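Counting from 1, the numbers follow the sequence of the chain as shown. Note that this is a predicted model, so its numbers are computed, not measured.
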Amino acid sequence: MSAPEKPSRAEAEALCPFQPLEKYERPLMPAQQSVRLFFTRLWQMLRRAEGGPFVAEAQLKGTRLRKLDAVAAPPSCGPLLDELELTVADWVAAGSPTPRTRLFVLPPCDDFGVIEAWAENKGHPVLEAPTRDSLVSAAPPVVPELDAEGVIVIPRLERWFLRHRNGLTLVRSLLAAIEARRGHCLVGCNSWAWAFLKHTLGANLLMPEPLIFQRFDGPRLRRWFTELAEAEAGTAFRLSRNGADVLAADAKGKPEDDYLEKLGAQSLGIPWVAWRMWRASLRTDEEEKRENGDKKKAGGPGERTLWVMDAPELSLPADHQQNALLVLHALLIHDRLTAEELSQVLPVVGETFIVAALDAAGFVEQTGPEIRCRALAYPAIRRELFAAGFPTD
């Protein structure tokens with residue numbers, strides 16, 4: 001992986017260092033109150049019934065991957081690599097760091113791997129996690145030595161344990177070794193795994209105050225999405241329901257339409273979730289393509305338009321919802337599991353087709369033998385687990 005280009009002065013001024021986890025606040029909907037949100041949705045339903053959208057949904061088609069990569073290219077983490085470097089640069093340079101360990105707790109579904117990518121770009125050694133099946137063996141693997149010089153990076157602490165009666169031995173030893181290390185150690189952990197380790201092992205008693213990125217609200221999303229779209233000059237992003245330019249901003253840089261503010265709230269301020277939702281919302285107008293112009297088109301004659309749809313609502317499978325929630329909760333804690341590992345942490349679920357049903361409903365995805373929650377579905381998953389009384393991150 002090549003090193004990222006050094007940010008310009010303007011870009012550097014827009015970077016936000018990571019903050020304490022307890023200070024993280026998810027972006028609010030523009031109304032900032034659930035009652036207002038309810039009436040907003042009701043109003044939208046009535047308006048659709050009365051006047052219809054600016055561009056009919058049937059007229060729009062999904063955007064091809066090549067076009068998506070041109071206007072919303074990966075990676076899905078925005079400026080986080082630069083912001084992580086901004087946060088730890090002085091700490092890395094210190095001969096006797098205080099604290100010796102830095103802990104970064106990030107939301108799940110990070111398919112890019114922010115901590116791993118930073119370590120690779122900076123040339124820091126990464127401590128690889130053992131295989132999951134070895135965690136519950138009669139003789140679990142021994143923690144590698146942590147006495148190497150420089151910064152040692154443990155990017156995914158959630159890979160070092162299994163929620164099983166024999167699956168916590170190694171992570172206990174690892175946490176003790178991290179606490180005893182005299183040099184730099186940078187640790188990353190899934191927020192759901194961190195909540196579990198705090199509850200079961202009291203991991204927070206050994207580790208320093210966890211840090212997290214600053215939320216991606218409307219203005220941050222606008223800056224990021226505008227930078228991604230710069231490669232395709234002349235492309236406008238307009239709401240299909242009213243034709244408003246989503247990326248247009250006032251003199252202070254605040255988006256003129258509240259779509260991105262809503263997207264920040266819907267995505268819980270998580271960049272890779274917002275990025276997935278943004279890409280999934282983009283549509284092309286086939287009629288406009290054929291006629292090289294559109295009477296409804298709100299832009300100039302040379303403008304290419306991508307239409308932005310509202311995010312669809314996901315629903316859990318109607319049957320066996322408790323089992324579905326148990327599976328989703330286990331996947332969030334462990335980041336990903338094979339079917340065999342899932343049966344180890346959830347023997348109560350048994351041989352059911354609940355994973356296949358969750359896959360069909362858009363909640364999980366399978367890559368080879370591994371099952372994981374989809375970033376696009378994470379807000380809905382978290383909402384369902386919270387409503388059902390499950391412990392959350």
Chemist: Looking at Ala117, is its backbone amide N or carbonyl O close enough to the side chain of Asn121 to form a donor-acceptor pair, meaning the two atoms are under 3.5 Å apart?
Modeler: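 Yes.
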Chemist: Please confirm whether the backbone N or O of Phe18 pairs with a side-chain atom of Thr87, one donor and one acceptor, at under 3.5 Å?
Modeler: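 Checking the backbone N and O of Phe18 against the side chain of Thr87, a donor-acceptor pair under 3.5 Å is found.
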Chemist: Any idea which heavy atoms bring Trp91 and Arg100 closest together, and the distance?
Modeler: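 Where Trp91 meets Arg100 most closely, the heavy atoms are CZ2-O, 3.2 Å.
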Chemist: Between Asp257 and Val246, is there a side-chain heavy-atom distance shorter than 4.5 Å?
Modeler: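 No, side chains not in contact.
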Chemist: Which pair of non-hydrogen atoms, one from Arg159 and one from Ala129, has the smallest distance, and what is that distance?
Modeler: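 Nearest pair, atom of Arg159 first, then Ala129: CB-CB, 3.5 Å.
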Chemist: Using the rule given for side chain to side chain contact (heavy atoms under 4.5 Å, CB included), can you reason through Ile154 versus Leu186, listing the C-alpha separation, both sets of side-chain angles and the distance that settles it, and then say yes or no?
Modeler: CA-CA 6 Å; Ile154 303 171; Leu186 191 148; over 6 Å; no
Chemist: So do Phe104 and Ile212 actually touch side chain to side chain, heavy atoms under 4.5 Å?
Modeler: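 SC-SC contact between Ile212 and Phe104 ruled out.
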Chemist: Tell me whether Asp110 contacts the main-chain N or O of Gly113 through its side chain, where contact means a donor paired with an acceptor under 3.5 Å.
Modeler: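 Checked: pair present.
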Chemist: Could you tell me which non-hydrogen atom of Ile354 sits nearest to which non-hydrogen atom of Asp319, and how far apart they are?
Modeler: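 In terms of heavy atoms, the two residues are closest at CD1-O, 4.3 Å.
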Chemist: When rounded to the nearest 0.5 angstrom, what is the spacing between CZ in Phe213 and CD in Glu83?
Modeler: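 If I round to the nearest 0.5 Å, the distance is 9.5 Å.
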Chemist: Can you give me the closest heavy-atom contact between Arg238 and Gly243, atom names plus distance?
Modeler: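 Heavy atoms of Arg238 and Gly243 come nearest at NH1-O, 3.1 Å.
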Chemist: At their closest point, which heavy atom of Trp307 faces which heavy atom of Ser240, and how far apart are they?
Modeler: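 Distance-wise, the nearest heavy atoms are CE3-CA, 4.0 Å.
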Chemist: Are any side-chain N or O atoms of Trp278 and backbone N or O atoms of Leu260, one a donor and one an acceptor, separated by less than 3.5 Å?
Modeler: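 Checking the backbone N and O of Leu260 against the side chain of Trp278, no donor-acceptor pair under 3.5 Å is found.
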Chemist: Please evaluate residues Leu174 and Phe161 with respect to the criterion side chain to side chain contact (heavy atoms under 4.5 Å, CB included), reporting the C-alpha separation (whole Å), side-chain torsions for both, the decisive distance (0.1 Å), and the verdict.
Modeler: CA-CA 10 Å; Leu174 177 64; Phe161 74 92; over 6 Å; no
Chemist: Hey, could you give me the CG/NZ distance between Leu211 and Lys23, rounded to the nearest 0.5 Å?
Modeler: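 So the gap between those two atoms works out to 10.5 Å.
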Chemist: Any chance you could measure Cys189, atom SG, to Trp160, atom CH2, to the nearest 0.5 Å?
Modeler: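 If we round to the nearest 0.5 Å, Cys189:SG and Trp160:CH2 are 12.5 Å apart.
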Chemist: Do you know the tightest heavy-atom contact between Trp118 and Glu85?
Modeler: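 Taking Trp118 first and Glu85 second, the nearest heavy atoms are NE1-OE1, 3.0 Å.
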Chemist: Is the Phe216 to Trp275 ring centre distance short of 6.0 Å?
Modeler: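 Ring centres of Trp275 and Phe216 not closer than 6.0 Å.
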Chemist: Are the side chain of Arg382 and the backbone N or O of Thr392 linked by a donor-acceptor pair below 3.5 Å?
Modeler: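 No, the answer is negative, given that no donor and acceptor are paired below the 3.5 Å cut-off.
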Chemist: So, His164 side chain and Asn166 main chain: donor-acceptor pair closer than 3.5 Å or not?
Modeler: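 Checked: pair present.
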Chemist: Supply the atom-to-atom distance Arg102 CZ to Cys185 SG, rounded to the nearest 0.5 angstrom.
Modeler: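 If I round to the nearest 0.5 Å, the distance is 12.0 Å.
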Chemist: Quick one: pull up CE in Met207 and OG1 in Thr101 and give me the separation to the nearest 0.5 Å.
Modeler: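 Rounded to the nearest 0.5 Å, the CE-OG1 separation comes out at 5.5 Å.
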Chemist: Okay, side chain of Glu341, backbone of Thr338: is any donor-acceptor separation there less than 3.5 Å?
Modeler: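 Yes, the answer is positive, given that a donor and an acceptor are paired below the 3.5 Å cut-off.
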Chemist: Side-chain contact, heavy-atom cut-off 4.5 Å: Ser173 with Leu175?
Modeler: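 With C-beta onward as the side chain, the pair stays apart.
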Chemist: A side-chain contact here means heavy atoms from C-beta on lying under 4.5 Å apart; do Ile381 and Phe363 qualify?
Modeler: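 Answer yes - side chains close enough.
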Chemist: Stepwise, does the side chain to side chain contact (heavy atoms under 4.5 Å, CB included) test hold for Val273 with Leu376?
Modeler: CA-CA 6 Å; Val273 174; Leu376 193 63; over 6 Å; no
Chemist: Take atom CG of Asp90 as the centre, draw a 6.0 Å sphere, and report whether it contains more than 12 heavy atoms from other residues, nucleotides or ligands.
Modeler: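 12 or below, so no.
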Chemist: Tell me whether Glu25 at atom CD has more than 12 heavy atoms from other residues, nucleotides or ligands lying less than 6.0 Å away.
Modeler: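 Not buried by this count: 12 neighbours or fewer within 6.0 Å.
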Chemist: Going through the distances and angles, do Leu135 and Val171 end up as a side chain to side chain contact (heavy atoms under 4.5 Å, CB included)?
Modeler: CA-CA 9 Å; Leu135 297 177; Val171 76; over 6 Å; no
Chemist: Does a side-chain heavy-atom distance below 4.5 Å link Asn190 with Leu157?
Modeler: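 Asn190 does not reach Leu157 side chain to side chain.
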Chemist: Would you mind checking if Lys262 and Asp310 are paired as a salt bridge, meaning a charged N to carboxylate O distance below 4.0 Å?
Modeler: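 Looking at Asp310 and Lys262, the cut-off is not met.
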Chemist: Using modelled atom types only, decide if a donor and an acceptor are shared between the side chain of His334 and the backbone of Glu158 within a distance under 3.5 Å.
Modeler: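 Judged by distance alone, no pair lies under 3.5 Å.
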Chemist: Can a salt bridge be assigned to the pair Asp111 and Arg374 using a cut-off of 4.0 Å between side-chain N and carboxylate O?
Modeler: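 Salt bridge flag = no for Arg374 with Asp111.
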Chemist: Does the Lys NZ or Arg CZ of Arg383 fall within the cation-pi geometry relative to Phe386 - under 6.0 Å from the ring centre and within 45° of the axis?
Modeler: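 The answer is no; the distance or angle limit is not met.
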Chemist: Any donor and acceptor pair, going by atom type alone, linking the side chain of Gln214 with main-chain N or O of Pro17 inside 3.5 Å?
Modeler: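 Yes, because the side chain of Gln214 sits within donor-acceptor range (under 3.5 Å) of the backbone of Pro17.
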Chemist: Do Leu170 and Pro130 touch side chain to side chain, with heavy atoms closer than 4.5 Å?
Modeler: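 When only atoms from C-beta onward are counted, Pro130 and Leu170 do touch, with a gap below 4.5 Å.
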Chemist: Ring centroids only, cut at 6.0 angstrom: are Phe237 and Phe225 within range, meaning strictly under it?
Modeler: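 No, they do not, as the ring centres are separated by 6.0 Å or more.
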Chemist: Looking only at atom types and distance, does a side-chain atom of Arg336 sit under 3.5 Å from a main-chain N or O of Arg372, one as donor and one as acceptor?
Modeler: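 The answer is no, because no donor-acceptor pair under 3.5 Å joins these two groups.
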Chemist: Rounded to the nearest 0.5 Å, how far apart are CG of Asp335 and CD1 of Ile371?
Modeler: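 Going from CG on Asp335 over to CD1 on Ile371, the span is 12.5 Å.
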Chemist: Does a side-chain heavy-atom distance below 4.5 Å link Arg181 with Ile152?
Modeler: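 Answer yes - side chains close enough.
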Chemist: Could you tell me if the side chain of Pro27 sits less than 4.5 Å from the side chain of Arg215, heavy atoms only?
Modeler: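 Side chain of Arg215 against side chain of Pro27, heavy atoms only: contact under 4.5 Å found.
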